[in-house]
Every structure is written in structure tokens, then in C-alpha cells.
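Take a look at the structure below.
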Protein chains: 2
Amino acid sequence: MKQIRLFKADFFKTLSNPIRIAIIDSLRNGELGVNDLAAVVEADQAYISQQLSILKAKNLVKFRKEGNFVYYSITDQDIFILLDEALRIAKKQLTTLQDSLK
Amino acid sequence: MKQIRLFKADFFKTLSNPIRIAIIDSLRNGELGVNDLAAVVEADQAYISQQLSILKAKNLVKFRKEGNFVYYSITDQDIFILLDEALRIAKKQLTTLQDSLK
DNA sequence: AATGTATATAACTATATTATTATATTATAC
DNA sequence: GTATAATATAATAATATAGTTATATACATT
């Protein structure tokens, strides 16, 4: 039980950083190189690399090397179900909150 | 776009703490008082209160007061869809990882 | 071999989070 | 009103994370 909670919390922690969310979102339509990601996500190359290595460690992304380039992609597309569901719930709660303020 | 990412990341951050996960999970079957939660979750009362106030601020739990007691409950049951889906995905990835080690 | 480009890692500072302890608040019971 | 119980808040130390800068590695091209 305690183990499972640690495990869940740790999983969510991986998703709790805006740059990591941006990286995952950017990979929705397929693989991208590190520099492309840095451009799309608008963050430093070094920081992107650091976050990619966290996502890699948590098995959320995979990569393939091609010459000088490293292309990253999503390990399991189901992660987008989670992201979309989270957004839906969060939005719903926000709406409820707004309504209650009227 | 950036706003939405910050929003999502922030939402996941709320779920990235094992005590907060434990609190939410403990409220699956209905409301509980703070002391009950402290007992179930096996954490200090003060720490439970702190985490409850974070969950309250993020609108994930609501409460009602009855005399000396404060009973907390889940704002939107859909949060369990998210928790269960997260666990499913994480488990799946773990299984894939284990298989690939054979 | 020397240079350039893509990516990764290391070192580091600032800030945030965790978890504990002490104390305050609020309501009840006597 | 005083003591007691439930909960909340404040203060704080330890640790983790964020984000920047500098440097290293690895491959490609000339």
C-alpha cells in the first residue's frame, strides 16, 4: 500500500514540471531531435537534455541515435490519455470554482 | 499554450506527494476527520493538516465542520479515474521494462 | 588531424518541498 | 471560566528541484 503510494506520487512527480510536460506534448505527433525540442519548448539545450534524461529514466520516452542526432519519442501513447484527463478535470474544477464565485 | 503547461504541471505537482496521494486514496469511500486521516495515513496530525490545506487550495478536497471536528471529502470523484489510470500506465511500463530485461 | 555541430554531463546558486516541533485557535465539557 | 480535545498555523532544518553556465563527449566534414 505504502509502496504503491510512493510509486504513484513518484510517477506524478515526473509530470510535475512544465518543461517535461512541454516535451511530452511536443512529442504528440512523433519523434523530435533535442535541438528541435529546445526550439519548440523554448528552453536551454542543456536543460532539455537534463529533463530528457529524467523522462528516459522514468521510461516515459525512448530515443534512437542517427549520426550526430538523437531523436526522442514517447514510450507509451497512453500518457496522453492521462494528460488530457488531467486537463479536463482541472478545467472542470476551475469552472465550478468560477461559478461559485458568481 | 505555456499557460496550459504550467497549469497541468501544477496540477500534477499537487499529486506528487505520497501523503497527499494517501489522503486522497483514503477518502475514496467517503469523508474522514483529520485525526482519522492521520491514523490511516500514518503521519503526524500537523503534517496532515498542512497537506489538507494544500489539497483544499487546489480544490481537490472540501470540508465541513461539525463541532470540534472537521470532515474532509473529495471534491470531484473523477480524480480517481486519474489515479487509477496513472497506476495502470506506470504498471504497464514497469512490466514492459521487466520483460525487456529477460 | 582540425574544426564544427549535436548532445550530455558537471558544477553551482536560488528556491521550493518535506517533515518535525512548538504554539495558536476553536469548540466542548466540566 | 478552566481544562481538554481537535485542528490549524508558524518556525525551522534538511533535502530536493529548478535553471544557468561551463565543459565534455561523440560524431561528421573538410
Side-chain angles (χ1 to χ4, degrees), chain A residues 2-3 5-27 30-74, chain B residues 2-3 5-27 30-74:
Chain A
K2 226 174 214 172
Q3 280 294 83
R5 281 163 187 171
L6 284 171
F7 188 71
K8 275 191 213 168
D10 191 59
F11 185 73
F12 286 124
K13 184 174 283 178
T14 309
L15 300 173
S16 74
N17 173 296
I19 295 295
R20 290 196 292 271
I21 290 283
I23 290 174
I24 294 174
D25 264 336
S26 303
L27 295 176
E31 64 178 19
L32 283 179
V34 178
N35 264 329
D36 303 325
L37 279 170
V40 174
V41 166
E42 290 177 32
D44 215 77
Q45 175 273 318
Y47 193 45
I48 295 285
S49 266
Q50 285 170 17
Q51 300 311 319
L52 279 170
S53 91
I54 290 172
L55 290 172
K56 204 164 48 181
K58 293 299 165 59
N59 206 29
L60 292 187
V61 299
K62 57 187 200 286
F63 65 94
R64 74 183 173 87
K65 295 191 177 184
E66 190 176 317
N68 232 351
F69 296 82
V70 182
Y71 295 98
Y72 283 85
S73 57
I74 296 297
Chain B
K2 224 174 214 172
Q3 280 294 83
R5 281 165 187 170
L6 284 171
F7 189 69
K8 277 190 211 169
D10 192 59
F11 185 73
F12 285 124
K13 184 175 282 177
T14 310
L15 300 174
S16 73
N17 172 296
I19 295 296
R20 290 196 292 270
I21 290 283
I23 290 173
I24 293 173
D25 263 335
S26 304
L27 295 176
E31 65 177 19
L32 283 178
V34 178
N35 265 330
D36 303 325
L37 279 171
V40 173
V41 167
E42 291 177 30
D44 215 79
Q45 175 272 320
Y47 194 45
I48 295 285
S49 265
Q50 284 172 18
Q51 300 311 319
L52 280 170
S53 92
I54 291 171
L55 291 171
K56 204 165 49 182
K58 295 298 167 58
N59 206 29
L60 292 187
V61 300
K62 58 186 200 285
F63 64 94
R64 74 184 173 86
K65 295 192 177 183
E66 190 177 316
N68 232 350
F69 295 81
V70 182
Y71 294 97
Y72 282 86
S73 57
I74 296 297

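Proteins get letters first, then strands, A, B, ... in listed order; numbering begins at 1 in each.
When A/L15, A/I24, A/D25 are each tested for a side-chain contact (heavy atoms from CB on, under 4.5 Å) with B/K8, only one passes: A/D25.
One distance of note links CG of B/L52 with CG of B/L37; it measures 6.0 Å at 0.5 Å rounding. With rounding to the nearest 0.5 Å, the separation of CD in A/E66 from CZ in A/R64 is 4.5 Å.
Sorted by first and then second residue, the ring pair (Phe, Tyr, Trp, His ring centres under 6.0 Å) pairs involving residues 48-72 of chain A (not counting sequence neighbours) are A/F63-A/Y72.
Contact detail for B/V61 and B/K56: the closest heavy-atom pair is CG2-N, 3.7 Å. Nearest approach of B/I19 to B/N17, heavy atoms of both residues: N-OD1, 2.7 Å.
Residue A/F63 is out of contact with every strand shown, counting any heavy-atom pair closer than 4.0 Å. Contact annotation for A/N68: base contact, defined as any heavy-atom pair under 4.0 Å involving a base atom.
Take A/D44 and apply the salt bridge (charged side-chain N to carboxylate O under 4.0 Å, His left out) test, not counting sequence neighbours, and it matches no residue. By the side chain to side chain donor-acceptor pair (under 3.5 Å) test, A/K13 pairs with no residue at all, sequence neighbours left out.
Axis angle between the ends of the helix from C/dA1-D/dT30 to C/dC30-D/dG1, five pairs each and rounded to 10 degrees, works out to 10°.
Judged by distance alone, the side chain of B/R20 and the main-chain N or O of B/Q51 form no donor-acceptor pair under 3.5 Å.
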Which letter, B, S or -, goes with each nucleotide of nucleotides 12-22 of chain C from 5' to 3', with contact meaning a protein heavy atom under 4.0 Å? -----SSBBBB
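The distance between atom CZ of B/F69 and atom C1' of C/dA27, rounded to the nearest whole Å, is 10 Å.
For DNA chain D, the outermost nucleotides in 5' to 3' order that have an atom under 4.0 Å from a heavy atom of chain A are D/dT17 to D/dA28.
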Check step by step if side chain to side chain contact (heavy atoms under 4.5 Å, CB included) holds for A/S26 and A/V40. CA-CA 7 Å; A/S26 303; A/V40 174; 3.4 Å; yes
